[in-house]
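Here's the structure, in structure tokens; my notes come after.
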Amino acid sequence: MDASIEDSAGEDSAGNSADAVDALAAAMRRPVESGSDLRAIEAQLEPLRHASPAERAGAAIRLAGMVRAADPVLRLSAMAAITGDLRHYEDLLDLVEAQFEQSGLDRLVHIYCCMGRQLFLMRMDEASRPGFFADRLFPYYIRLIGAIRSRLGIDPRPRPAGSPATGRVMLVTNQFLSMRHQPSRDLLSYATVLEERCGRDVVILNTNIMPADIHSLFVPSFAASVEPAFDGKQVIEAEGRSYRMLSSTGRALTRDRIDWFLRAVEWHDPDVVVSLGGSVVVADLLAAARPILCIPTTSGLTPSLADIVLDYGGGSGSRPAGGPLAASWRPFRFLFSLIGAPPPVQTADKAGSRAGFGLPDEAFLCVVVGNRLDEEADGAFLAMLDSVIDRVPRVAVAFAGEAAALPERLQGSRHAKRLFPLGYVTDMAALMRVADAYVNPRRTGGGASAAEALAAGVVPVSLPAGDVAAVIGPRFVVPDYAAALDRLALLAGDPAVFAAEVAEARKRGAKGADPAEAAADLSRYLDEAVAVYGQRPAGSGIGK
């Protein structure tokens, strides 16, 4: 590139960043009186969050000098969003903990959930503050659970050690929405496994404790979805089975709401309370009173006070070397909603089955799957796909998942005719049957679709971090997008290499999808949770 053109481009970019910072600072200095005011600030944050590292650093320095008088939660969370630096979250926790006793529970929970959401979305640089989870976030969560107990007068009656087994389990989740929501499908799958393969009587608690409204000026903010139809006592019908569920759609954290769940636990009298996912507040409130088992629904460290916390990906390197989960962690591999289903079989003629999706017959077909593709299929990822098609023109890429902005962005590609936004796909197994490769952008989620890809013999290609990497194993992981480009070009260009990798994908899928083996592990861990609880010193537990 000509040096004068490069200098001019740099000056234009710097000027745009300065203008964006000025607009953001002006918005942050104004009173924030509504959700729309906060969303406007978040919209102005977005271009800065996607800027180059140098521009982000410069923008943060400039912004810091302009918003000293802004709400400190707004200021520190905005700085963290721009830079990805966890030290801003550490400063924010210092501030919140200093005012902890004067802050409402809904505000404290909201800040925790907002912070956790940004970590889940992999927007923060873990190297900026090593040990942040163990040193700061998990202790804050423990203090939060203690505050909920003490302020609301929550004091669950302990199940006496040595109580006779009832054969019952209470399965607790933060959020059940619909069969289009992967964690909801997984919840029902685990209820099925616990009943049909572990011989347990299961009742589901759908607590919806995550904030459904905005209670602080943290940006980007987070408000969980709640399905209004799921309220009170429910019987859920899915795939020919019935599931008993107690659900609350209340929007505030109140004693009456928590008490309703705790009375349900006493009524059902489970041997073990099983939390599906991390930060399941109701399950952790019971940690002093009953045996608790946690099944994480994502990779990484899981905030849970359970006696036993299972692994997610089954990797040999998953065991925590130290920290709050070192004693409770147990090896396991999460099973998704394809539990018990017959393994997908690749059709002999993929081309003949692609017409329903509008996909080209002759292509080496890559699929990209996700519910946040507007963000996760970013510029770097799409540039990598363009380069793959440059190298192997017969490659085509299908994008499966709801995304509002992605189709227009794909139209701007020089290979737009080889890129196919499909929107939400109801029959993922049918798409996997006609696919060749499963390509994963940098993200946390995606474990279920990765498992389906393996089962169908679709060859995955993923960066090292996140749920997909945990599911597919190191053989299918590449260090960066440059290596992903080389890998995809090799798969598309060498039939022998591709056939060998298809066989390996099937082998990996079969290895991790045995529901009988998983049920045996679950049964053993349920019994161990009871034993660990029975060995606790009297009066131990959070808030005691």
Side-chain angles (χ1 to χ4, degrees), residues 24-25 27-33 37-38 41-42 45 60-61 63-120 123-126 128-154 209-211 213-223 252-255 258 278-279 281 284-285 287 301 303-305 323-324 541-544:
L24 174 60
M28 290 174 63
R29 289 194 297 262
R30 290 192 291 268
V32 182
E33 299 175 339
D37 292 338
L38 204 60
I41 291 172
E42 291 170 1
L45 267 175
I61 293 171
L63 181 68
M66 301 173 73
V67 295
R68 291 189 179 94
D71 178 274
V73 171
L74 176 63
R75 173 172 53 82
L76 290 168
S77 60
M79 296 287 288
I82 292 171
T83 63
D85 192 332
L86 283 168
R87 289 173 295 182
H88 293 300
Y89 281 174
E90 186 158 41
D91 291 343
L92 197 158
L93 285 177
D94 287 341
L95 170 78
V96 172
E97 288 174 339
Q99 304 171 348
F100 195 89
E101 299 304 326
Q102 292 76 44
S103 296
L105 289 175
D106 284 317
R107 179 175 185 266
L108 295 172
V109 171
H110 186 255
I111 289 171
Y112 172 78
C113 289
C114 287
M115 196 174 293
R117 180 70 170 173
Q118 295 308 299
L119 293 169
F120 171 78
R123 291 177 175 172
M124 306 306 295
D125 177 12
E126 292 184 9
S128 63
R129 190 353 184 140
F132 177 77
F133 171 84
D135 298 342
R136 298 306 310 268
L137 190 63
F138 196 77
Y140 176 79
Y141 179 68
I142 292 173
R143 186 178 184 185
L144 181 58
I145 295 297
I148 294 170
R149 287 194 56 163
S150 61
R151 294 192 198 181
L152 300 184
I154 303 298
I209 293 297
M210 294 185 297
D213 299 300
I214 295 172
H215 297 282
S216 75
L217 298 188
F218 193 108
V219 288
S221 193
F222 170 70
L253 192 58
T254 64
R255 175 170 180 167
I258 300 294
S279 305
V281 167
D284 288 329
L285 286 170
L301 297 172
S304 174
L305 307 184
I542 295 300
K544 294 292 184 182

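Computation of the quantities below employed the complete heavy-atom set of this structure, encompassing side-chain atoms and omitting hydrogens, waters and symmetry-equivalent molecules.
Relative orientation of the Tyr89 and Phe218 rings is tilted, given thresholds of 30° and 60° on the angle between their planes.
The shortest side-chain heavy-atom distance between Glu101 and Arg151 falls under the 4.5 Å cut-off. Annotation: side chain of Val219 is not in contact with side chain of Met28 (no heavy-atom distance under 4.5 Å). In this structure, the side chains of His215 and Leu253 stay at 4.5 Å or more apart for every pair of heavy atoms.
Scanning both residues, Asp85 and Ser128, for their nearest heavy atoms gives OD1-CB, 3.3 Å. Residues Phe222 and Cys114 share a closest heavy-atom pair of N-SG, 3.4 Å. Residues Asp213 and Ala223 approach most closely at N-CB, 4.2 Å, considering heavy atoms. A pairwise comparison of heavy atoms in Ala60 and Met79 identifies O-CE, 3.3 Å as the closest pair. Arg255 and Leu152 get closest at one heavy-atom pair: CD-O, 2.9 Å. Pairing each heavy atom of Ala70 with each of Arg75, the nearest pair is O-NE, 4.4 Å.
How far CG of Leu76 is from CG of Asp71: 9.0 Å, rounded to the nearest 0.5 Å. Distance check, rounded to the nearest 0.5 Å: OH of Tyr140 to CD1 of Ile111 gives 5.5 Å. For the atom pair CZ (Arg143) and OH (Tyr141), the distance works out to 16.0 Å, reported to the nearest 0.5 Å. From Ile82, atom CD1 reaches atom CZ of Arg123 across 13.0 Å, with rounding to the nearest 0.5 Å. Separation of atoms CG (Leu285) and CG (Leu305) is listed at 8.5 Å; rounding is to 0.5 Å. Atoms CG and CG, on Leu45 and Leu24 in that order, are 5.0 Å from each other to the nearest 0.5 Å.
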Trace of the side chain to side chain contact (heavy atoms under 4.5 Å, CB included) decision for Leu301 with Leu137 = CA-CA 11 Å; Leu301 297 172; Leu137 190 63; over 6 Å; no
Show your working on side chain to side chain contact (heavy atoms under 4.5 Å, CB included) between His110 and Ser221 and close with a plain yes or no.
-> CA-CA 9 Å; His110 186 255; Ser221 193; 3.3 Å; yes
Leu119 and Phe132: side chain to side chain contact (heavy atoms under 4.5 Å, CB included), yes or no, with the steps?
-> CA-CA 11 Å; Leu119 293 169; Phe132 177 77; 4.2 Å; yes
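Checked against side-chain hydrogen bond (donor to acceptor under 3.5 Å, both in side chains), Thr83 has no partners two or more places apart in sequence or in another chain. Residues meeting the side-chain hydrogen bond (donor to acceptor under 3.5 Å, both in side chains) test with Ser150, sequence neighbours left out: none. The side-chain hydrogen bond (donor to acceptor under 3.5 Å, both in side chains) search around Arg136 returns Glu90, Asp94, Glu97, not counting sequence neighbours.
Of the options Leu93, Val96, Leu86, a side-chain contact (heavy atoms from CB on, under 4.5 Å) to Met115 is made by Leu93 and by none of the others.
At least one donor-acceptor pair closer than 3.5 Å links the side chain of Arg29 to the backbone N or O of Met66.
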